Visitor: 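Sharing a structure below in structure tokens format, with a few things to ask.
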Amino acid sequence: MHTAQEHLAGLFPEEIAGRLEAEVPPYRARQIFSWLHRQAAASFQEMTSLPRALIEELEKRFQSPWPLELVTSRLSADGTEKYLFALEDGSTIETVLLPEKRRQTVCLSTQVGCAMNCSFCATGQAGFRRDLTAGEIAAQVLFVQNRLKAQGKTVTNVVYMGMGEPLANYQAVLRSARLLNHPEGLNLGARRLTISTCGLVPQIRALAEEELQVNLAVSLHAADDRRRGEIMPINKVYPLEELLAACDYYTARTNRRISYEYALISGINDSPQAAQKLSDLLQGRLCHVNLIPVNPGSGAARPSSARIAAFAQMLERAGIPVSLRKERGSDIEAACGQLRQRTLEGQG
Ligand code: SAH
């Protein structure tokens with residue numbers, strides 16, 4: 001079985017020594033951590049400040065600093081780059097780099113597959129296989145950081161919006177956030193990390209209690225229980241009233257503005273009435289709405305741009321801060337489990 005401790009990339013400096021046979025003083029463990037997380041070293045051979053014997057032990061025990069191997073990558077015309085990784089058990093996951101002038105955002109996966117079964121989501125349709133370990137989550141960022149480093153750039157933001165439901169893998173996700181946040185590692189401020197959830201109420205409340213100021217994004221996609229329950233089965237477990245109460249609690253505890261994601265699906269949640277319900281629901285809340293034209297392909301169709309614009313305008317008029325997500329990487333299946341699906345189909 002995989003445990004968080006099995007992957008070197010998932011260990012804090014003070015845990016590393018205990019995993020090695022050699023006597024390793026704390027400063028050596030910190031060196032290993034910093035080679036991994038600050039330098040994003042791709043091999044143990046690069047860790048030149050370590051004694052030979054230690055490098056050899058690391059190679060023997062862990063083979064490579066990252067428990068993942070690149071299977072294939074695609075570069076979009078807009079610069080978006082998507083990576084398909086194989087894990088040690090042969091499972092595959094996707095990671096995306098979204099480059100901008102002053103910002104390099106990594107979108108990472110937290111599970112192999114997903115058990116939430118949202119009707120429009122390609123990952124959900126492929127089913128759930130297992131949780132990722134903290135090391136497998138952090139390593140996705142380290143891989144991208146290693147690539148960016150060569151261009152004199154660095155990862156500035158991380159969004160937990162790839163495959164999987166982050167809050168269903170709570171411990172590993174939190175551990176990975178703390179690893180990315182570590183001052184001797186990448187040192188990414190918690191405010192540069194965004195965890196996205198379909199709405200797991202107890203975990204939202206738990207996250208509010210952590211001493212970690214991460215951003216929370218909530219996938220809403222419908223503002224009434226009947227419709228939301230049809231497209232997101234989790235709504236039957238945690239209906240809107242409970243979800244919004246947990247979100248209010250998160251805001252009250254952390255003072256952080258919550259992002260609500262709303263994928264516009266033609267004929268399902270894109271009517272003027274739906275926009276009205278959404279603005280009524282969010283009225284007076286510290287929030288932001290991220291409208292996403294749905295990525296078609298899972299039986300969901302994208303509304304016309306006129307309909308999308310009308311939806312956005314109704315929210316704006318109601319004073320709800322709203323943005324329309326730029327579509328990126330659609331030429332490389334960068335959205336929502338599509339590259340993995342394509343590759344699996346190609347294999348089958
Ligand atoms: N499970 C988490 C995070 C991963 S999904 C969550 O639900 O938030 C990241 C975002 O992509 C979510 O808002 C999800 O609802 C959305 N999404 C999934 N499939 C989509 C599609 N086909 N088009 C647009 N957005 C999609």
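Quantities reported herein were computed from a predicted structural model and do not represent experimental measurements. Remember, it's 1-based here, ligands and their atoms both numbered in the order they're listed.
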Visitor: For ligand 1, which atoms, with element, lie under 4.0 Å from some heavy atom of C198?
Guide: 6 (C), 7 (O), 8 (O)

Visitor: Please give me the minimum heavy-atom distance between R30 and P13, naming the atom from each residue.
Guide: CG-CB, 3.8 Å

Visitor: So, for H221 and F120, is the gap between ring centers shorter than 6.0 Å?
Guide: yes

Visitor: Run down the list S219, A263, A115 and name the one with the heavy atom closest to atom 6 (C) of ligand 1.
Guide: S219

Visitor: Ligand 1 versus T123, non-hydrogen atoms closer than 4.0 Å: side chain, backbone, both, neither?
Guide: neither

Visitor: Which ligand 1 atoms, with their elements, are less than 4.0 angstrom from a heavy-atom of C121?
Guide: 18 (C), 19 (N)

Visitor: Do you know which of R253, R256, R178 makes salt bridge (charged side-chain N to carboxylate O under 4.0 Å, His left out) with E210?
Guide: R178

Visitor: Distance under 4.0 Å to a non-hydrogen atom of P166: what atoms of ligand 1 satisfy this?
Guide: 1 (N), 2 (C), 3 (C)

Visitor: Salt bridge between D89 and R130, side-chain N to carboxylate O under 4.0 Å?
Guide: yes

Visitor: Do E230 and R226 pass the salt bridge (Lys or Arg N to Asp or Glu O under 4.0 Å) test, and can you show the C-alpha distance, the side-chain angles, and the key distance before you say yes or no?
Guide: CA-CA 6 Å; E230 283 164 9; R226 197 178 54 81; 3.1 Å; yes

Visitor: Could you tell me, atom by atom, which parts of ligand 1 come under 4.0 Å of a heavy atom of G164?
Guide: 1 (N), 2 (C), 3 (C), 4 (C)

Visitor: Does the N or O separation between S196 and ligand 1 drop below 3.5 Å for any pair?
Guide: yes

Visitor: Taking a cutoff of less than 4.0 Å between a non-hydrogen atom of the residue and any ligand atom, is G162 in contact with ligand 1?
Guide: yes

Visitor: Are H182 and F33, when compared by the centres of their aromatic rings, separated by less than 6.0 Å?
Guide: yes

Visitor: Tell me whether V214 shares a hydrophobic cluster with Y249, the cluster being built from Ile, Leu, Val, Met, Phe, Trp, Tyr side chains joined at under 4.5 Å.
Guide: no

Visitor: Counting only heavy atoms, which portion of E165 has something under 4.0 Å from ligand 1: side chain, backbone, both, or neither?
Guide: both

Visitor: Any idea which atoms of ligand 1 are less than 4.0 Å away from a heavy-atom of F120?
Guide: 15 (O), 17 (N), 18 (C), 19 (N), 20 (C), 21 (C), 22 (N)

Visitor: With side chain to side chain donor-acceptor pair (under 3.5 Å) as the test, pick out the partner of T95 among E81, K82, Q140.
Guide: Q140

Visitor: Run the contact test for H221 against ligand 1 with a 4.0 Å cut-off on heavy atoms, strictly below, and give the result.
Guide: yes

